[in-house]
2 protein chains.
Amino acid sequence: MKKEPEFCQFQEALGILVGKWKPVILVHLLNDGTQRFSVLKRKMPGITQRMLTKQLRELEDEDIIQRVIYPEIPPKVEYSITEYGRSLEPILEAMHEWGSSHVARKQAEEPETQEEKLS
Amino acid sequence: MKKEPEFCQFQEALGILVGKWKPVILVHLLNDGTQRFSVLKRKMPGITQRMLTKQLRELEDEDIIQRVIYPEIPPKVEYSITEYGRSLEPILEAMHEWGSSHVARKQAEEPETQEEKLS
DNA sequence: GCCATTGGTACCCTCGAGGGAACTATACCA
DNA sequence: TGGTATAGTTCCCTCGAGGGTACCAATGGC
């Protein structure tokens, strides 16, 4: 069952984090707390219902987020981070930090991007 | 050019780390230091030349690893982590740590896996 | 002359993530 | 009677990551 002794554990984390929208969803839920579907959707311009639903389901299946359905008639469904999901925060933070400096580095390396400012 | 102010920075890190083999390559290079192509390949059972070359090139393009060619005749090429690549270590560590507890958790949740031991 | 070794490249294929568009149910509002 | 809102689902399509296989170049060993 185990493949590379010890090595592949991070694949577990990666497997949960990859997906174009999952990290964004998690950050939103971590920052702003419990939110309903439509609010999340509005905060992620470009995502479709289909995609948002799918990503949310997958996160729910992994017990990273929680889904609460209110049986009202304009339906209401609220999503929130689970205790367990919150344990992913260090990873997201590390990635965010690294990503920021990576972007800064790339901008420093490519001064051609500055052309616009020269005109 | 920027999409979600602040949010998408971790995508930079994810973009580099995803790829079935990249994290494994990085861990090998981080743990065991400079290594030549064939050694890396041997350490990753299941990977093909084509794949290893591809993943290494992509990491090199991002300046995460370094490629040194010795003009000998059975060719010799050595790969090593760059200073910059080493800055990814905290992320890999965080993921590894989380992944380990995730695996432990899954095993605790699914005692059906124990069936084998009951026979 | 033939094979092995090393680090590749070239070509082709498969499968699934991601995504677009349309449809659904139910109640309220005008 | 028709429109709006919410949270989905269903069907279909595209594109690229991953992968399999074969080939190459240059040399040393038998």
Side-chain angles (χ1 to χ4, degrees), chain A residues 3-4 7-8 10-26 28-29 32 34-62 64-80, chain B residues 3-4 7-8 10-26 28-29 32 34-62 64-80:
Chain A
K3 305 154 193 177
E4 312 283 309
F7 282 135
C8 286
F10 46 67
Q11 299 286 12
E12 301 286 333
L14 266 182
I16 283 172
L17 257 12
V18 295
K20 194 169 165 187
W21 304 100
K22 281 184 198 145
V24 194
I25 292 172
L26 292 178
H28 278 301
L29 289 178
D32 306 342
T34 301
Q35 282 162 93
R36 52 191 301 186
F37 186 87
S38 53
V39 174
L40 275 176
K41 187 168 179 303
R42 241 168 277 136
K43 287 185 181 174
M44 283 181 269
I47 200 172
T48 59
Q49 253 118 329
R50 190 194 170 287
M51 262 302 120
L52 184 51
T53 307
K54 226 178 125 194
Q55 307 281 306
L56 287 169
R57 285 292 182 289
E58 288 173 18
L59 289 171
E60 194 196 356
D61 288 346
E62 297 283 358
I64 304 299
I65 65 173
Q66 200 185 2
R67 181 164 170 255
V68 179
I69 307 159
Y70 297 84
E72 307 173 359
I73 265 309
K76 177 176 171 185
V77 179
E78 281 187 345
Y79 293 92
S80 55
Chain B
K3 305 154 194 179
E4 312 283 305
F7 282 135
C8 286
F10 46 68
Q11 299 287 12
E12 301 286 334
L14 266 183
I16 284 173
L17 257 11
V18 295
K20 194 169 167 186
W21 304 99
K22 283 186 195 140
V24 194
I25 293 173
L26 292 178
H28 278 301
L29 289 178
D32 305 343
T34 301
Q35 281 162 93
R36 55 192 298 188
F37 186 86
S38 53
V39 174
L40 275 176
K41 186 167 180 306
R42 242 168 276 136
K43 286 185 181 174
M44 285 181 267
I47 200 171
T48 59
Q49 252 118 332
R50 190 194 169 288
M51 263 300 120
L52 184 51
T53 307
K54 225 179 124 194
Q55 307 281 307
L56 288 169
R57 285 293 182 289
E58 289 173 18
L59 289 171
E60 194 196 356
D61 289 345
E62 298 284 356
I64 304 298
I65 64 173
Q66 201 186 2
R67 181 163 169 256
V68 179
I69 307 158
Y70 298 84
E72 308 173 357
I73 265 310
K76 178 176 172 186
V77 178
E78 281 187 345
Y79 293 91
S80 54

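So you know, we letter chains A, B, ... as the sequences are listed, proteins then strands, and number each from 1.
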Could you check whether Tyr79(A) gets within reach of a base, just the sugar-phosphate, or nothing at all, counting any heavy atom under 4.0 Å?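 Touches sugar-phosphate only.
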Which part of the nucleic acid, if any, lies within contact of Gln55(A), taking any heavy atom under 4.0 Å across all strands shown: a base, the sugar-phosphate backbone alone, or nothing? sugar-phosphate
Which atoms form the tightest heavy-atom contact between His28(B) and Gln35(B), and what is the distance? O-NE2, 3.3 Å
Which heavy atom of Phe10(B) sits nearest a heavy atom of Pro23(A), and at what distance?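 The pair with the smallest heavy-atom distance is CE1-CB, 3.2 Å.
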Nearest-nucleotide 5' precedence on DNA chain C, Pro74(A) against Glu58(A): Glu58(A)
Select from Lys54(A) and Pro75(A) the residue whose nearest nucleotide in DNA chain C is closer to the 5' end of that strand. Lys54(A)
Which whole-number value in Å describes the distance from [X] [atom1] to [N] [atom2]?
X	N	atom1	atom2	answer
Phe37(A)	dA5(D)	CZ	P	16 Å
Gln35(A)	dA7(D)	CD	C1'	16 Å
Ile47(A)	dA7(D)	CD1	C1'	14 Å
Met44(B)	dG18(D)	CE	P	14 Å
Lys76(B)	dT27(D)	NZ	P	18 Å
Gln49(A)	dA5(D)	CD	P	13 Å
Ile25(A)	dA7(D)	CD1	P	14 Å
Arg42(A)	dA7(D)	CZ	C1'	12 Å

Distance from [X] atom [atom1] to [Y] atom [atom2], nearest 0.5 Å?
X	Y	atom1	atom2	answer
Gln11(A)	Lys20(B)	CD	NZ	9.0 Å
Leu17(A)	Leu14(B)	CG	CG	5.5 Å
Leu59(B)	Leu29(B)	CG	CG	8.5 Å

Heavy-atom donor-acceptor pair, Gln49(A) side chain to Lys41(A) backbone, under 3.5 Å: no
Whether the side chain of Arg50(B) and the base of dG20(D) hold a donor-acceptor pair under 3.5 Å is what I'd like checked. yes
Range on DNA chain C touched by chain B, heavy atoms, distance below 4.0 Å: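 The footprint of chain B covers dT6(C) to dC11(C).
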Is there a side-chain contact between Ile25(B) and Met44(B) (heavy atoms, below 4.5 Å)?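 Counting from C-beta outward, Ile25(B) and Met44(B) do come under 4.5 Å.
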